[in-house]
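So the structure is just underneath, and the comments pick up after that.
Note: hydrogens, waters and symmetry copies are ignored here, and every other heavy atom, side chains too, is used.
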Amino acid sequence: MDLVEILKIVMAVFIAFIFLVIIVKSWNPEQPFKAFMILIVEVAVGVVVILLSSWAVDNSFKKAVLTQFSNRFIHSQEKLSIKGCVRNVGKYPINNVYLHIKVINNASGGSVQNNSSGRSNTLERSDKVVTHLSRGAQKCFVVSFKYPPYFKLANIQKQISWD
């Protein structure tokens, strides 16, 4: 267990303790329905605060960058092959890195949503490309997927996320 995980657990326990104190102080046995509603609201707010703080800790301590990105169309198989590397530039290990790809067909110059035959002009895909990326490490990946034959002048947008 690394420092980030310990920090998230300590924050969750601290926030849960604060909300527990609020619940105990606001409990009124003379009005059980009102007390129950306060309990429900405080638990919901507590869960949201814990999730947001966990997300904030992850985004503050864990960082990755996409390097050496390239793509190639394999005509014989009608596939798009995407290669790249992910480097951990943060101070803590990253469990999983996801690549989000959006391919937009701009051949018609018209609508991005659908072309004249009713077929979609966009292709979106997300893949887990790297697992267990330690601090300062770099891992490379290859992702291949079917590419519609009617796509001509495609624009490829890429983004990575991690947990």
Are [X] and [Y] side-chain neighbours, meaning at least one heavy-atom pair lies under 4.5 Å?
X: F145; Y: L80; result: yes
X: F151; Y: I104; result: no
X: R125; Y: V143; result: yes
X: V97; Y: N88; result: no

Closest contact, heavy atoms only, [X] versus [Y]:
X: E78; Y: P149; result: OE2-CB, 3.6 Å
X: R135; Y: K91; result: CD-O, 3.1 Å
X: T122; Y: S120; result: O-OG, 3.0 Å

Nearest 0.5 angstrom please: [X] [atom1] to [Y] [atom2], how far?
X: D127; Y: F141; atom1: CG; atom2: CZ; answer: 9.5 Å
X: K102; Y: Q159; atom1: NZ; atom2: CD; answer: 11.0 Å
X: I160; Y: L99; atom1: CD1; atom2: CG; answer: 8.0 Å
X: S144; Y: K79; atom1: OG; atom2: NZ; answer: 6.0 Å
X: R87; Y: Q68; atom1: CZ; atom2: CD; answer: 8.0 Å

Q | Counterpart residues, ring-ring contact (aromatic ring centres under 6.0 Å, His included), relative to F73 (two or more places apart) | A | H75, Y147
Q | Passing option when Q138 is tested against V65, V89, T67, V86 for side chain to side chain contact (heavy atoms under 4.5 Å, CB included) | A | T67
Could you see if [X] belongs to whatever hydrophobic cluster contains [Y]? Use Ile, Leu, Val, Met, Phe, Trp, Tyr and a side-chain cutoff under 4.5 Å.
X: Y98; Y: I156; answer: no
X: F14; Y: V48; answer: no
X: F69; Y: V103; answer: yes
X: V41; Y: V49; answer: yes

Would a distance-only check, ignoring hydrogens and angles, find a side-chain to backbone donor-acceptor pair under 3.5 Å from [X] to [Y]?
X: K139; Y: H132; answer: yes
X: N105; Y: K152; answer: yes
X: W162; Y: A64; answer: no

(Q) Tell me every residue that passes side-chain hydrogen bond (donor to acceptor under 3.5 Å, both in side chains) with H100, counting only those two or more places apart in sequence or in another chain. (A)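 side-chain hydrogen bond (donor to acceptor under 3.5 Å, both in side chains) check on H100 returns S126, S161.
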